[in-house]
Amino acid sequence: MARPRAFDEKQVLNAIRDQFWTAGYAATSLEDLMRVSGLGKGSLYAAFGDKRQLFLRALRSYTDDSHGHLRKALAETPRALDALRMLLEAPIGDPAGARRGCLMANSTCELGNADPEVLAHAHRTYETSTALIGDCVVRAQREGDLSAGADPIALARALLAAQQGIVFMGRTGLDAATLTATARSLAAQLLPDHSGD
């Protein structure tokens with residue numbers, strides 16, 4: 001009978017994910033992964049596979065968590081328009097996250113041209129995000145806060161592109177006040193309030 005694993009797989013995967021997120025794929029060594037996970041090479045590879053498999057597992061874990069947080073944030077905000085505005089400002093509230101950026105975007109920039117699996121995962125990730133945001137746009141239209149004539153998916157893509165732009169600007173070291181002003185300017189242009197019409 002196989003011995004049960006003596007470590008918390010989710011905790012180890014989170015540590016590995018943070019390592020890739022901070023340093024990138026190429027700059028992360030096997031020694032780094034052993035250090036952050038607390039596991040030896042044999043245990044690490046037996047549980048998760050080689051470095052690339054570890055990375056893909058960490059990336060899937062990141063996007064699953066991100067979509068869970070996005071779904072919850074959009075659903076739990078009482079008015080959909082406020083949820084969409086919050087989406088643009090969310091990256092600013094996490095200074096550490098602003099410096100690291102988005103793991104999915106970072107990984108796509110680093111590996112997308114060389115790794116079709118990463119590129120395909122990025123495409124699926126952004127399509128899922130777009131669909132979640134699009135559902136929130138539809139809710140804002142039903143609530144009378146956005147024009148009924150707006151294409152929900154086109155607007156969702158524009159909001160996602162704007163949010164990712166803010167994340168990237170945060171990585172350049174722009175201060176929170178400038179990022180907030182930028183997010184609010186984008187919100188005013190992309191999400192004009194139609195409730196008074």
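Given the structure is predicted, the values throughout are model-derived calculations rather than measurements. Each residue takes its place number in the sequence, starting with 1.
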Taking everything shown except Asp50 itself, do over 12 heavy atoms lie less than 6.0 Å from its CG? yes
Heavy-atom donor-acceptor pair, Glu143 side chain to Ala80 backbone, under 3.5 Å: yes
Kindly indicate, with the supporting measurements, whether the criterion side chain to side chain contact (heavy atoms under 4.5 Å, CB included) is fulfilled by Leu186 and Ile166. CA-CA 10 Å; Leu186 285 163; Ile166 291 166; 3.8 Å; yes
Same apolar cluster: Leu160 and Ile153, side chain cutoff 4.5 Å: no
Walk me through whether Leu155 and Leu84 qualify under side chain to side chain contact (heavy atoms under 4.5 Å, CB included). CA-CA 10 Å; Leu155 180 52; Leu84 295 169; 5.7 Å; no
Pairwise distance CG(Leu87) to CG(Leu159) - rounded to 0.5 angstrom: 6.5 Å
Over all atoms of both residues, closest heavy-atom pair of Ala187 and Arg85: CB-CG, 4.2 Å
hydrophobic_cluster_shared for Met86 and Leu179, side chain cutoff 4.5 Å: no
Can you run down the side-chain hydrogen bond (donor to acceptor under 3.5 Å, both in side chains) pairs that involve residues 159-168, sequence neighbours left out, and say none if there aren't any? none
Heavy-atom distance under 4.5 Å between the side chains of Met104 and Ser66, does that happen here? no
Could you tell me the separation between the CG atom of Leu54 and the CG atom of Leu44, rounded to the nearest 0.5 Å? 5.0 Å
Does Gln19 offer a backbone N or O that forms a donor-acceptor pair with the side chain of Thr22 under 3.5 Å? no
Where do Ala156 and Gly134 come nearest, in terms of heavy atoms and distance? CB-N, 3.5 Å
Option from Asp65, Leu132, Thr128 for which side chain to side chain contact (heavy atoms under 4.5 Å, CB included) with Leu70 holds: Leu132
Give the minimum heavy-atom separation between Cys102 and Val167, together with the two atoms involved. N-CG1, 3.6 Å
Any donor-acceptor pair under 3.5 Å linking the side chain of Arg17 with the backbone of Ser61? yes
Residues Arg157 and Glu127 bridged, charged N to O under 4.0 Å: yes
Whether Lys51 engages the ring of Tyr25 as a cation-pi pair (distance to the six-membered ring centre under 6.0 angstrom, angle to the ring normal within 45°) should be assessed. yes
Can you tell if the side chain of Arg52 reaches within under 4.5 Å of the side chain of Asp115, non-hydrogen atoms only? yes
Please confirm whether the backbone N or O of Thr125 pairs with a side-chain atom of His67, one donor and one acceptor, at under 3.5 Å? yes
Can you check whether Phe48 reaches Glu9 side chain to side chain, under 4.5 Å on heavy atoms? yes
Side chain to side chain contact (heavy atoms under 4.5 Å, CB included) for Phe55 and Leu111? Distances and angles first, verdict last. CA-CA 11 Å; Phe55 174 74; Leu111 301 169; 3.5 Å; yes
Quick check for you: to the nearest 0.5 Å, what is the distance between Arg79 atom CZ and Cys136 atom SG? 11.0 Å
Does anything in residues 19-35 form a salt bridge (charged side-chain N to carboxylate O under 4.0 Å, His left out)? List the pairs, not counting sequence neighbours. Asp32-Arg35
Say you draw a straight line from CZ of Arg57 to CZ of Phe20; how long is it, rounded to the nearest 0.5 Å? 12.0 Å
Under 3.5 Å, side chain of Asn106 to main-chain N/O of Gly101, donor-acceptor pair present? no
Between Ser185 and Ala181 (side chain of the first, backbone of the second, donor and acceptor by atom type, cut-off under 3.5 Å), is there such a pair? no
First locate atom OH of Tyr62, then atom CG of Leu13, and finally report the distance between them rounded to the nearest 0.5 Å. 14.0 Å
Where the side chain of His123 meets the backbone of Leu119, is there a donor-acceptor pair that is under 3.5 Å apart? no
For the residue pair Thr28 and Gly24, what are the closest heavy atoms and their distance? OG1-O, 2.7 Å
Check whether any side-chain heavy atom of Val118 sits under 4.5 Å from a side-chain heavy atom of Leu56, and report yes or no. yes
Give the cluster check for Leu191 versus Val138: same hydrophobic cluster or not, with ILVMFWY residues linked at side-chain heavy-atom distances below 4.5 Å. no
In short, Asp175 meets Thr178 closest at the heavy-atom pair OD1-OG1, 2.8 Å
Answer yes or no: does atom NZ of Lys10 have more than 12 heavy-atom neighbours from other residues, nucleotides or ligands under 6.0 Å? yes
Can you tell me if Arg139 uses its side chain to pair, donor with acceptor, with the backbone of Leu74 under 3.5 Å? yes
Do the side chain of Thr172 and the main chain of Met169 share a donor and acceptor less than 3.5 angstrom apart? yes
Compare every heavy atom of Pro192 with every heavy atom of Leu146, then report the nearest pair and how far apart it is. CD2-O, 3.7 Å
Residues two or more places apart in sequence or in another chain: which of them pass side chain to side chain contact (heavy atoms under 4.5 Å, CB included) with Thr180? Glu89, Ile92, Arg184
Counting only N and O atoms by type, is there a donor-acceptor contact under 3.5 Å from the side chain of Trp21 to the main-chain atoms of Leu59? no
Side chain to side chain contact (heavy atoms under 4.5 Å, CB included) partner of Ile16, chosen from Asn14, Asp18, Val12: Val12
